[in-house]
Amino acid sequence: MVQLRYFKGLLLSDLSAPGLVWNEEFKCYVGFASKYRDVLFYFKRSNIKVEDHVLDLLPFPIISDNIKLRKYQEDALYTWFRNRWGIIVLPTGAGKTVIGLKAIALIKLSTLIVVPTIDLLNQWHESIKELLNVEAGRIGGGYDDLKGITVITYDSAYSKLESIGNKFAFVIFDEVHHLPSEGYSIIAQGLAAPYRLGLTATPERSDGRDVLYPSLVGPIVYRVPVSNLVGKYLSNFAIQRIYVNLTKDEEKEYKYYRGILRNFLRKRGMKLTSLSDFNKLVKIAAKDKEAREALLAWHEALKIAVNSRAKIEKLKELLEELNNEKIIIFTRNTSMAYEISKLFLIPAITYKTPKAERLEILEKFKANEYRVIVTSSVLDEGVDVPDASVAIVLGGYGTSRQFMQRLGRILRKKENKIARLIEIVSKGTSDYNLSRRRRQNVTF
DNA sequence: TTGACTCAACATCCTTTGCTACAA
DNA sequence: TTGTAGGTTTCCATGTTGAGTCA
């Protein structure tokens with residue numbers, strides 16, 4: 001007979017098991033609470049009886065569920081259900097929340113839903129009320145209400161982990177690509193929940209920490225590419241790139257700043273061919289004045305390339321040409337978003353835009369009072385953005401995630417219309433590299 | 001309740017073609 | 001002579017969010 005207990009995000013066992021190590025302080029074998037599932041399985045397989053005091057589950061509420069899933073949602077859910085462990089990847093707008101809700105209705109055990117933003121916290125709360133007919137608890141964004149089905153932000157989950165770690169049998173990580181980060185991964189480790197579902201449209205991470213998924217939430221068990229849903233559930237779309245040249249002045253300035261960087265690299269015998277090269281430069285720049293100047297020059301050059309005049313000129317043409325379309329313009333820098341806002345009298349949303357104003361702009365965009373809005377990267381994820389027919393990308397990161405998220409903003413099904421994503425790229429600059437990089441590893 | 005503020009955490013940040021030391 | 005491996009993480013700047021505090 002072995003005794004298993006939970007203590008502040010940890011699993012305690014008086015017998016050894018894989019994933020547990022002897023702890024002198026506790027006088028027993030200790031591991032992360034997330035080991036609970038494996039350890040239990042190990043003891044059962046070894047025919048060792050377990051006195052299990054780990055879970056102290058909250059009562060599951062009475063729900064009613066009339067959720068009808070689409071074929072691909074059903075396939076995804078039933079594939080996941082075999083192990084009740086793993087990640088489902090679905091494009092933006094393909095109905096991930098509904099799958100999560102159906103999973104809750106099937107498992108019928110206390111459930112924690114972890115989300116990155118307060119917007120999503122409230123959206124899940126609404127959906128649960130609407131589709132499961134029950135008022136869920138909320139923790140975060142001013143709420144602190146623990147219930148048998150609770151929605152919580154990643155930040156609150158992190159800070160409340162010790163006290164809630166064994167209260168749930170099932171955990172859903174929405175936008176699960178956030179989970180592997182250094183701090184948030186502790187949430188997955190400290191929860192004892194043996195059933196786990198991750199949901200995202202974009203599982204790949206540029207820092208490579210996506211290799212941690214299997215141990216935190218399980219591997220990707222089902223993936224629906226955009227191309228499978230286009231036409232029937234998502235809009236047909238076209239991607240177009242327009243290349244522009246820097247103005248003479250910009251080119252001069254761009255070359256000047258790139259020259260500072262290049263001279264520094266040559267002088268120090270360094271190169272900038274990989275991310276680790278870049279990190280090395282950043283590290284040196286913390287202490288070395290010359291390196292800092294080189295890095296600042298890199299920033300300046302990039303800014304010139306990404307925010308060039310020629311892009312604004314091209315944008316002007318496009319706005320005239322596409323005068324019947326609903327358009328979202330994406331920039332990289334907030335300064336560019338505000339400049340466009342001023343120039344074309346278009347409402348702008350950035351992280352500096354107060355919540356109420358943001359909501360008002362999105363409402364008016366939805367109601368067709370505004371035809372065009374401009375934004376930096378705040379609307380990439382986690383916000384319910386009304387659909388547009390055209391996305392004009394003036395600048396962004398070199399990540400496929402952002403590219404797919406922005407594409408997702410125009411993919412809601414439209415009758416007899418092809419959605420368009422138009423990228424405007426400065427030729428012969430680092431903006432070109434960014435554009436190329438963000439399209440690598442993209443699976444449609 | 002709201003708003004303004006601060007703080008901590010997370011994410012991105014690289015790829016033209018040039019260097020140097022060492023092994024084959 | 002030629003080919004290739006070497007060096008890797010705590011942080012230049014900017015953008016974004018949630019939480020906490022205080023008025």
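To find a chain, count down the sequence lines: A is the first, B the second, and so on, and within it residues start at 1. Side chains included, hydrogens not; waters and symmetry mates left out as well; all remaining heavy atoms used.
Side-chain nitrogen and oxygen atoms of A/R266 include none within less than 4.0 Å of the OP1 or OP2 phosphate oxygen of B/dC19. For C/dT16, one of the phosphate oxygens OP1 or OP2 lies less than 4.0 angstrom from a side-chain nitrogen or oxygen of A/S376. In this model, the phosphate group of B/dC13 is approached by a side-chain N or O of A/R437 to a distance below 4.0 Å at OP1 or OP2.
Distance NE2 (A/H178) to P (C/dT16): 14 Å, rounded to an integer number of Å. Taking atom CZ of residue A/R262 and atom P of nucleotide B/dG18, one finds them 13 Å apart after rounding to whole Å. For A/D207 and B/dT12, the CG to C1' distance is 10 Å, given to the nearest whole Å.
Glycosidic conformation at B/dT17 (O4'-C1'-N9-C4 for purines, O4'-C1'-N1-C2 for pyrimidines): syn, within 90° of 0.
Taking only side-chain atoms of A/L272, from C-beta outward, the nucleotide of B/dT12, C/dC12, B/dC14 with the closest atom is B/dC14. Which of C/dA13, C/dA19, C/dG15 sits closest to the side chain of A/S156 comes down to C/dA19.
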Test log, rule side-chain contact (heavy atoms from CB on, under 4.5 Å), inputs A/S426 and A/E250: CA-CA 11 Å; A/S426 296; A/E250 283 171 344; over 6 Å; no
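Across all their heavy atoms, A/I328 and A/P386 have their closest contact at CD1-O, 4.4 Å. The two residues A/D387 and A/R409 have their closest heavy-atom pair at OD1-O, 3.1 Å.
Both the sub-6.0 Å distance and the 45° axial angle are satisfied by A/R84 relative to the ring of A/Y195.
Both distances falling under 3.5 Å, in either a Watson-Crick or a G-U wobble arrangement, occur for no nucleotide opposite B/dT1.
In terms of polar N and O atoms assigned as donor or acceptor, the side chain of A/K271 comes within less than 3.5 Å of the base of C/dG6 in a complementary pairing.
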